[in-house]
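Input: a single structure, listed below in structure tokens.
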Amino acid sequence: MKINLRKRYQSISAPVRTSVWFTVCNFLQRGTAFITVPIFTRLLTTEEYGICNIYFAWFEIFLIFTSLKIPYEGLNNGLIRFEKDKDGYTSSVMGLIMIMTLVVGGIYALFHQWVDHVTGLNNLIMGLMFIQLTFNPPLMLWTNRERFDFHYRWPAIVTLISTILNPVVSVIAVLSTDYRAEARIIASVSVQTFFGVIFTFVLLGRGKKFFNKVYWLFALRFNLPLIFYYISQSILNQSDRIMINYYEGEGKAAVYSVAYSAAAIMQLLVSAVNSSFNPWMYRKLKSGQWNGIKDAAAVLCLLVAGATLLISAFAPDLVRIMATGEYSQAIWVIPPVSASVFFIFIYMMFANVEMYFGENKGILVISIICSMTNLILNALCIPVWGYMAAGWTTLFCYLLLAALHYILMKRACRRNQVKEKIFPEKTLLMLSLCVLMLSCMMLLMYYLGYLRYVILAVEAVALFCFRRKLLNVLKQIRKGESQNGDAYPK
């Protein structure tokens, strides 16, 4: 039996094995982040927990300016372009990122009082942020460089060690001092810096280039035009907590963050489904098998919609598990934030079709429109209705994003003479209306606990009734995944 399993595993192609292991690593990191929420909500006060979440939100924003997201989005293009000197390109862009981090750090030093006021973070915490901004990119560059060459063993080992170390060191640090928020941040920065320093020397040792004019110019030309897209995405993901902190303080930001973490369970499902569905859909698009896409999309959207409503139905139970009574108000934010993830899945399906046909110029424009809408709505609604309004502004903006991507997707189909409908549009519209309506109804059902369990029973029956169709769709996608060498357009 063991021999057969080993043979079957070894028969899987290197790209598929790499994809599987990196998916496992992603699940491990996100799952651990979710599991540790109940620990830190009990060890930290709401204000301390809020400071930590505000720190991580601002880190993502500063990372755009110090790295241009090169380790995350632009590395593969450079590795393909400079295939004969992949190590040199990797070490060189690491040098570029370090110089950009130094420049942004210098600007912060000049205007630190204003920046500290805007972020709500003190000098110590901002100093820690710049250390993490320096040494997080080398770790990500090394990880994605290994992935490019289908090497997964060492990245999986490093991910496992860092995933275990981070919460363990953080808990020990928090229990060892009265400055618990700072201790939590210092522990997280220390773990990333430890690995970042190691891989800084590894990448320099391999590539032996810190500066290369050609490589730097290529990286800048490729990533600089995307900066507004990255900023708009970051605004959609992070601005809620930042603006809640600005208008209502760290405590309310902490409550909102717990709700966001509960709904983030859905992100794991969406990422997993999309990573498998996307290459499979590309094969179907290439062969013109529209009906197959329609059936699969309908079933998968039904699955995601059901999971969305399940999270909303059990929001009170989730919050009790994840946090103390101080966070009980988080239940009122979970339904809109959870429903937002459903519309994220919808817009990702539409966007994948746009990118297949190479019609991706409009993505930047609609991302900016939605992010600006989010900022304006938060600025108008949070001061009037409080932090709970941020959940509904987020839902509206992702609904708007899905609608705009639908328009761009239809335009891409017209330009490429695709006359048939790729997705079951009426089914998606009905599911969207049901998700919106039931998400609103959940707020009333929190006063009637037994109705929430009725929803669970109804979902269980529906899942049982559709089990064959769901299993058949998943089987088709898995079958397509194993042949995904030509899944993407040439």
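Positions are given from 1, in the same order as the sequence printed here. As a basis for the values below, the full set of heavy atoms in this structure was taken, side chains included, without hydrogen atoms, waters or symmetry mates.
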Determine whether a donor-acceptor pair (N or O, by modelled atom type, separation under 3.5 Å) exists between the side chain of [X] and the backbone of [Y].
X      : Y      : answer
Ser92  : Asn212 : yes
Asn237 : Gln233 : yes
Ser91  : Gly88  : yes
Asn245 : Ala253 : no
Asn374 : Cys370 : no
Thr41  : Met322 : yes
Thr393 : Ala390 : yes
Thr177 : Val174 : no
Ser371 : Ile368 : yes
Ser234 : Tyr230 : no

Less than 4.5 Å apart, any side-chain heavy atom of [X] and any of [Y]?
X      : Y      : answer
Lys410 : Lys421 : yes
Val171 : Phe40  : yes
Phe342 : Ser432 : yes
Phe345 : Leu300 : yes
Ile61  : Ile242 : yes
Tyr256 : Asn53  : no
Phe65  : Ile227 : yes
Ser67  : Thr101 : no

So for atom [atom1], which belongs to [X], do other residues, nucleotides or ligands contribute more than 12 heavy atoms lying within a distance under 6.0 Å?
X      : atom1 : result
Phe228 : CZ    : no
Lys252 : NZ    : no
Phe211 : CZ    : yes

*Could you walk me through whether Val104 and Leu133 pass side-chain contact (heavy atoms from CB on, under 4.5 Å), step by step?*
CA-CA 10 Å; Val104 175; Leu133 289 168; 6.0 Å; no
*Under the ring-ring contact (aromatic ring centres under 6.0 Å, His included) rule, collect the residues that match up with Tyr215, sequence neighbours excluded.*
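Counting only residues at least two positions away or on another chain, Tyr215 forms a ring-ring contact (aromatic ring centres under 6.0 Å, His included) with Phe82, Tyr89.
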Look up atom [atom1] in [X] and atom [atom2] in [Y], then write down how far apart they are to the nearest 0.5 Å.
X      : Y      : atom1 : atom2 : answer
Glu48  : Arg180 : CD    : CZ    : 4.0 Å
Met243 : Asn378 : CE    : CG    : 5.0 Å
Asn416 : Arg411 : CG    : CZ    : 11.0 Å
Met98  : Phe135 : CE    : CZ    : 5.5 Å
Leu124 : Met126 : CG    : CE    : 11.0 Å
Thr373 : Leu236 : OG1   : CG    : 9.0 Å

*Tell me yes or no: between the side chains of Tyr108 and Asn123, is some donor less than 3.5 Å from an acceptor?*
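Yes - a donor-acceptor pair under 3.5 Å links their side chains.
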_I'd like to know whether Trp392 forms a side-chain contact (heavy atoms from CB on, under 4.5 Å) with Leu377, so could you lay out the CA-CA distance, the side-chain angles of the two residues, the decisive distance to 0.1 Å, and finally the verdict._
CA-CA 10 Å; Trp392 296 98; Leu377 288 176; over 6 Å; no
*Under the criterion ring-ring contact (aromatic ring centres under 6.0 Å, His included), which of Phe350, Phe343, Tyr347 is the partner of His405?*
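Filter result, single survivor: Tyr347.
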*Step by step, would you call His112 with Val115 a side-chain contact (heavy atoms from CB on, under 4.5 Å)?*
CA-CA 5 Å; His112 69 92; Val115 176; 5.6 Å; no
I'd like a table of donor-acceptor pairs (distance under 3.5 Å, sequence neighbours excluded) in which one partner is a side-chain atom from residues 195-209, with atom names and distances.
{"residue": "Thr200", "atom": "OG1", "partner": "Gly196", "partner atom": "O", "Å": "2.7"}
{"residue": "Arg206", "atom": "NH1", "partner": "Glu146", "partner atom": "OE2", "Å": "3.2"}
{"residue": "Arg206", "atom": "NH2", "partner": "Glu146", "partner atom": "OE2", "Å": "3.4"}
{"residue": "Lys208", "atom": "NZ", "partner": "Gly205", "partner atom": "O", "Å": "2.6"}
{"residue": "Lys209", "atom": "NZ", "partner": "Asp85", "partner atom": "OD2", "Å": "3.0"}

_side-chain contact (heavy atoms from CB on, under 4.5 Å) between Cys301 and Met349, worked out_ = CA-CA 10 Å; Cys301 285; Met349 287 199 309; 3.4 Å; yes
*Do the ring centers of Phe423 and Tyr406 come within less than 6.0 Å of each other?*
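Ring centres of Tyr406 and Phe423 not closer than 6.0 Å.
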For the residue pair [X] and [Y], what are the closest heavy atoms and their distance?
X      : Y      : answer
Gly391 : Val337 : CA-CG2, 4.0 Å
Val353 : Cys413 : CG1-SG, 4.3 Å
Val168 : Ile164 : CG2-O, 3.2 Å

*Hey, can you tell me if Tyr55 and Phe59 have their rings parallel, tilted or perpendicular (30° and 60° cut-offs)?*
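Parallel.
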*With under 30° as parallel and over 60° as perpendicular, where do the rings of Phe62 and Phe130 fit, or are they tilted in between?*
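Perpendicular, since the angle between the ring planes exceeds 60°.
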*Taking Val189 as the fixed residue, which of Asn136, Ile125, Ile131 is the one that meets the side-chain contact (heavy atoms from CB on, under 4.5 Å) rule?*
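For Val189, the side-chain contact (heavy atoms from CB on, under 4.5 Å) check succeeds only for Ile131.
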_Arg415 NZ/CZ over Phe357 ring centroid, <6.0 Å and within 45° of normal_ =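 That pair does not qualify as a cation-pi contact.
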